[in-house]
Amino acid sequence: MKITGVELRRIAMPLVAPFRTSFGTETARDVLLVRVVTPDAEGWGECVAMSEPLYSPEYADGAAEVIRRFLLPALPKNPNVHDIGHALEPIKGHRMAKAALETAILDAQLRAAGEPLAHFLGATHTRVPCGVSVGIMDSIPQLLDAVAGYLDEGYLRIKLKIEPGWDLEPVQAVRERFGDDVLLQVDANAAYTLTDAPRLAHLDAFDLLLIEQPLANDDLIQHAKLAQRLNTPICLDESIESAEHAAAAIALGSCSIINIKPGRIGGYLEARRIHDLCQANGIAVWCGGMLETGLGRAANVALAALPGFTLPGDTSASRRYYATDITEPFELVNGHLDVPTGPGIGVEPIPDVLDEVTTSTEWITL
Ligand code: OSB
Ligand code: MG
């Protein structure tokens, strides 16, 4: 498939409410979009890098630079999506940038072939169960109101962001108010150390589905030690950057569940590798999110429809993030999102809306 050129487009998307985690507060999403143009079709990729390197080393300006300066020149002449990973391997890291470019090429290739992404990946479901990630709030009453709203909307699982000073109390309050049947989990975004094990063990009383990334990204050994001391299953997010990391984490006993984020681990082909590895090893997986617009969400929902995704994902409806999405909004129906059925990722940006939120565009002829 010949690529004529690539557009790097930056958009600014205000969030419906501030999203606070242990690493910072987001009030708007600054997104890099990659549009790949071929003679037969166009394809879209959404880069999940944030404006600042607080969650991961990558950041949006850096991702754009890596794409224009190193990734595009390294592409084969007529790339097939299966060759991209190999062609980009000499460039170390930058998996968010690589994922965005590979996804745009994959989307273009599938649109040209008339094949939906879900079919290409091996999806077995037509809709996926959805959870919601709830940020750190200023007060417990404010948190309970937010959770009540999400449960009313039909979300099937609640994830509470935690950090030292906002952990046992919010979890206890949510359990007391909404009962033991609510599927509940927490995400620390690496905010603890192994010395916090006694405090984290108190979470065992609340029958959580999992605790996500309690310790630092590169602490697979310490996660394995923590796993011995908790009954709550450990799920890794930041620590898993590739199928190799997943294999190491499984071998070490660092986790029993993995949050697969395609945009962070290098794309949908690598995501499928992690899925397959986990399935073969009895490790449950679910699809994480990075506050994606409809473009990134469409592809995530396709991935979440694979058979090993046995837990509800952070694949929430568009309105949980944005008053106006750049695609037709994803809407929750009985706690589920429908998997797109059109070719490629199956959705397109709405041109007027896209132009409205665009802050810059750059065209690169190949
Ligand atoms: O750790 O899962 C995370 C958002 C941005 C960066 C990291 C994370 C998150 C979320 C929200 O938890 C997931 C979503 O709803 O997209
Ligand atoms: Mg996480």
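Given the structure is predicted, the values throughout are model-derived calculations rather than measurements. Below, each value reflects all heavy atoms present in this structure, side chains not excepted, and no hydrogens, waters or symmetry copies. Each ligand, and each atom within it, is numbered from 1 in the order the structure gives.
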Open item on the list: Please confirm whether Lys261 approaches ligand 1 to less than 4.0 Å, judged on its heavy atoms.
Closed with: yes

- [ ] May I have the step-by-step check of side chain to side chain donor-acceptor pair (under 3.5 Å) for Glu46 and Thr293, ending in yes or no?
- [x] CA-CA 8 Å; Glu46 175 169 341; Thr293 73; 2.5 Å; yes

Task: Residue and atom names of protein N/O/S atoms that fall under 2.8 Å from the Mg ion (ligand 2) - done: Asp187 OD2, Glu212 OE2, Asp237 OD2

Open item on the list: For ligand 1, which is the ligand I care about here, please tell me if Asp237 has any N or O atom under 3.5 Å from one of the ligand's N or O atoms.
Closed with: yes

TODO: Find out if a path of hydrophobic residues (ILVMFWY) with successive side-chain heavy-atom gaps under 4.5 Å connects Phe178 to Leu209.
DONE: no

TODO: Ignoring hydrogens and angles, tell me if any N or O in the side chain of Glu356 forms a donor-acceptor pair with the backbone of Thr358 under 3.5 Å.
DONE: no

Open item on the list: Can you report which non-hydrogen protein atom sits closest to atom 5 (C) of ligand 1, along with the distance?
Closed with: Met50 CE, 3.7 Å

TODO: Compute the shortest N/O to N/O distance between Arg297 and ligand 1 and return yes if it is under 3.5 Å, no if not.
DONE: no

Task: atom 16 (O) of ligand 1: the protein heavy-atom neighbour that sits closest, reported with distance to 0.1 Å - done: Leu291 N, 2.8 Å

Open item on the list: Below 4.0 Å, non-hydrogen atoms only: which portion of Lys159 touches ligand 1? Side chain, backbone, both or neither.
Closed with: side chain

Open item on the list: Any heavy atom of Glu212 closer to ligand 1 than 4.0 angstrom?
Closed with: yes

Task: Phe120 ring center near His82 ring center (under 6.0 Å) - done: yes

- [ ] Counting heavy atoms only, name the option from Ser316, Gly313, Gly289 that's nearest to atom 13 (C) of ligand 1.
- [x] Gly289

Open item on the list: Tell me the closest heavy-atom pair linking Leu291 and Leu15, and the distance in Å.
Closed with: CD1-CD1, 4.3 Å

Task: Minimum-distance protein heavy atom relative to atom 6 (C) of ligand 1 - done: Met290 SD, 3.5 Å

Open item on the list: If we set the cut-off at 4.0 Å for heavy atoms, which region of Asn189 has an atom near ligand 1: side chain, backbone, both, or neither?
Closed with: side chain

Task: Donor + acceptor pair across side chains of Ser318, Glu331 (<3.5 Å) - done: no

Open item on the list: How far is atom 4 (C) of ligand 1 from the closest protein heavy atom, and which atom is that?
Closed with: Phe19 CE2, 3.6 Å

- [ ] Kindly indicate whether the side chain of Cys47, heavy atoms from C-beta on, has any atom under 4.5 Å from the side chain of Val31.
- [x] no

Task: Under-4.0 Å heavy-atom contact with ligand 1, by part of Lys161 that carries it - done: side chain

Open item on the list: For atom 14 (C) of ligand 1, what is the closest protein heavy atom, and at what distance to 0.1 Å?
Closed with: Tyr321 OH, 3.3 Å

TODO: State if Arg320 counts as touching ligand 1 under the rule of any non-hydrogen atom under 4.0 Å.
DONE: no

- [ ] For Glu58 and Ala97, indicate whether the former's side chain and the latter's backbone hold a donor-acceptor pair under 3.5 Å.
- [x] yes

- [ ] Check whether the side chains of Glu241 and His245 place a donor and an acceptor atom closer than 3.5 Å, and report yes or no.
- [x] no

